[in-house]
Every structure is written in structure tokens, then in C-alpha cells.
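Only one structure is covered here, and it is reproduced in the block below.
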Amino acid sequence: MPINRSLWQDKPGVPGVIREAPTPSQLEDRQLLVKVHAWAMNPCDAMLQDQALPFIKYPVILGQDIAGVVEAVGSTAASKFEVGDRVFAFTINNGFQDYVPVDYTLTAKIPDPLSSVQASVFPLCCTTAAFSLFGKDFLGLPPPTLNPTNTGKSVLIWGGSSAVGSNGIQLAKAAGFEVITTCSPRSFDYVKGLGADKVFDYNSPSAIDDVVAELDKGTCAGIYLAVGSVADACRVSHRSKQKLFVASSNPVNPGDVPEGVEAKMVFGTGGVDMFKEILPVTFGGFLVEALAQGMYKVAPPPEVVSTNGLQGIQEALNLLKKGTSAKKLVVEAK
């Protein structure tokens, strides 16, 4: 087996360091070994590089989103995959390596004609959006379908031009909901192209009141804070005449939540199995089928910032820390 290289984060606040190690040769039954062709960057990768969080032990290999080719297959995973398959996968950290072992349930074949770069944008952001919208502990919406029926209800997605927001819009539309979203004016056309029905400028002084007025024209199924201010999303819920649950991608501080509002961060510690309930939406069903039929857009669109493999990841993380919108930074393997 070839030598594997990994980008190690030895502690918070320092750049990652590339080290060599033997390529994994013993896979668990549920695992695939993927030779990575593309890595996508996520805000959590940048955050974990700079901030110590209690549930992360350093040194650690960061990275969530990969796409590449299957090099080896565990016995259980062989029921769905074989060597040579083009795949994309959610690694739950451990992704910044040349060769990555992944759980087969959090992996899917890349539909033609998508490239590895395009497929790499989906794993974490689509999983997070799906968990928020359809997870029983969050908004608990009915699942998306290829032929959705209008529910007559709306959903608010705060921060629609973000990676998770972009997928949240598409998933909510496919579940039959009217989508109300917020973003900056430069991204209005982008989110409308994904299916958003009404868009508001989150920087507007009247944004909260304007959004509440729109939601209260009918029945709203809940609020998903993809990015942005938890306090703002909770104020929408508080001012609405409806009781609107807030599912948040960001940590929820008690001071952000007015009395009478229920808000919860989308986070779990159950390992791979915690995602089982949403697999029919993501790697095990709707997402892959919709991509194959051209009914789901590659969003946010990838921007390749390096083709230098692992050496380019730190450059991409540095760019991510400066801020991005309506695009996903991707590094290609050499």
C-alpha cells in the first residue's frame, strides 16, 4: 500500500502539519477506504483549527467533506460499493488525508456527470440541513420527494446563501414548503435560483418585523438558523403570533432566547448511527436520486483554490477565515 499523508492539528491556534503514516490496511466491516480527489472546506474546520472545544481532543485530523475513488471495501460495505466506485462522503472529522476510511452509510456514489469537486460540497452541509429540517428532535418536517406536494406551509431559513442554507432551501422546497429566507442583497438572485420564494435583507433595520409579517400571513412550520444571529432568529419566533421552534446551526446561549421561545442547537454525540433517521434524505436516497435526475443544484458552487493536495488545505482554510458567501472552497488532489 502507498504511504498515506495526513494534515494534523496538534493544538488550536497553529497551522496544520502534514505527516506520513502507513495507509490503513485493516478496515472495519462497515468501512470503505477512499483515495481523495477533492476536499471541501467548512466553517467548523476553520473554527476547530483556532478554538479549543471540550468535545475535541488534540492532536486531531480535521476535515468533513471528501470525494474520490474507493480503494478497498469492508465486508458489510461490499453490499453497496466496490473498488473503483466514485464516491463522496461525510467523514465526521478525519478527512484531511490522502486515504480516508469512511462509514459506508455516510457515503454515496457520485452521479454522472458530477465531478469529484462538485460532489465534495455536499456531505456536511446537506447532512446538517437535513438533520435540522427533518430530524425528530428539531423541525421534524415530512421528508423531501422528487414530486413534492404543496403543504400550504412555510419555513424560515435564516442565512440562505450559506452552504447549509443553500441545501436547506432546496430540501425544504422538495418537501413541499414555501421557503422564506434571509441573506445580503448581492445573494438575492442566488437564493431565488435555489427555490426561495421570499427573500429579506438580514441587515435591514426592519428585517425581523418584515419577516414576521410574511410568516404570519399563513402557517409557518418553524425556523432553521443556518448561519447568523441566534438572537435575531429567536426574536422572529418571539414576535410571531405562532409558536415557532428554532433549530440552530450555532450554539444557543440562554441570553439569546426570549421567554416562551424554544431553540436548540443542531448537534449530537451519537456517532455514525445518529444520522440513521435522515439517511433516506441524504446518502441513502433523495439527494443522490435528485442529483442524478438534475433536480438538485450543486450549491453552493465550488471554487477550487488549490490543486496542490494536502499542501493547499491550509491556504484554503486561511481564505475561509476571511469570509465567503454563496460558494464552497475546495482543494483538489495533485
Going by atom types only, do D103 and T105 share a side-chain donor-acceptor pair under 3.5 Å?
yes
So that I can tick it off, tell me whether K198 and E214 are bridged by a salt bridge, with the cut-off set at under 4.0 angstrom between side-chain N and carboxylate O.
yes
Applying side-chain hydrogen bond (donor to acceptor under 3.5 Å, both in side chains), can you list everything that pairs with S6, at least two apart in sequence or on another chain?
Q97
Are a donor atom and an acceptor atom from the side chains of D216 and Q242 found within less than 3.5 Å of each other?
yes
For the residue pair F286 and T145, establish whether any side-chain heavy-atom pair is separated by less than 4.5 Å.
no
Give a yes-or-no answer on whether the side chains of Y224 and S248 include a donor-acceptor pair shorter than 3.5 Å.
no
Do R30 and D273 sit within salt-bridge range, that is, some charged N less than 4.0 Å from a carboxylate O?
yes
Can you name the side-chain hydrogen bond (donor to acceptor under 3.5 Å, both in side chains) partners of S325, sequence neighbours left out?
S161
Given the rule that I, L, V, M, F, W and Y join up when any side-chain heavy atoms are under 4.5 Å apart, are W8 and Y58 in one cluster?
yes
Show every salt bridge (charged side-chain N to carboxylate O under 4.0 Å, His left out) that has at least one partner inside residues 288-303, sequence neighbours left out.
E303-K327
Carboxylate-amine/guanidinium contact K192 D189, below 4.0 Å:
no
CG of L62 to CD1 of I56: how many Å apart, nearest 0.5 Å?
7.5 Å
Chi angles and distances behind the side chain to side chain contact (heavy atoms under 4.5 Å, CB included) call for F200, I180:
CA-CA 8 Å; F200 295 88; I180 315 301; 3.7 Å; yes
With sequence neighbours left out, the residues meeting side-chain hydrogen bond (donor to acceptor under 3.5 Å, both in side chains) with S204 are S206
Tell me every residue that passes ring pair (Phe, Tyr, Trp, His ring centres under 6.0 Å) with F90, counting only those two or more places apart in sequence or in another chain.
F275
Between D98 and K35, is a salt bridge (Lys or Arg N to Asp or Glu O under 4.0 Å) present by the stated rule, with each step listed?
CA-CA 6 Å; D98 289 328; K35 185 181 190 310; over 6 Å; no
Under the salt bridge (charged side-chain N to carboxylate O under 4.0 Å, His left out) definition, can you give me all pairs with a residue in residues 41-68, not counting sequence neighbours?
D50-K321, D65-K328
Would you confirm whether the ring centroid of F283 sits within less than 6.0 angstrom of the ring centroid of F88?
yes
Might you confirm whether atom CD of Q26 has over 12 heavy atoms from other residues, nucleotides or ligands at distances under 6.0 Å?
no
Salt bridge flag under 4.0 Å for residues D256 and R235
no
Counting only heavy atoms not in K264, do more than 12 fall under 6.0 Å of its NZ?
yes
To the nearest 0.5 Å, what is the distance between CD on Q64 and OG1 on T128?
8.5 Å
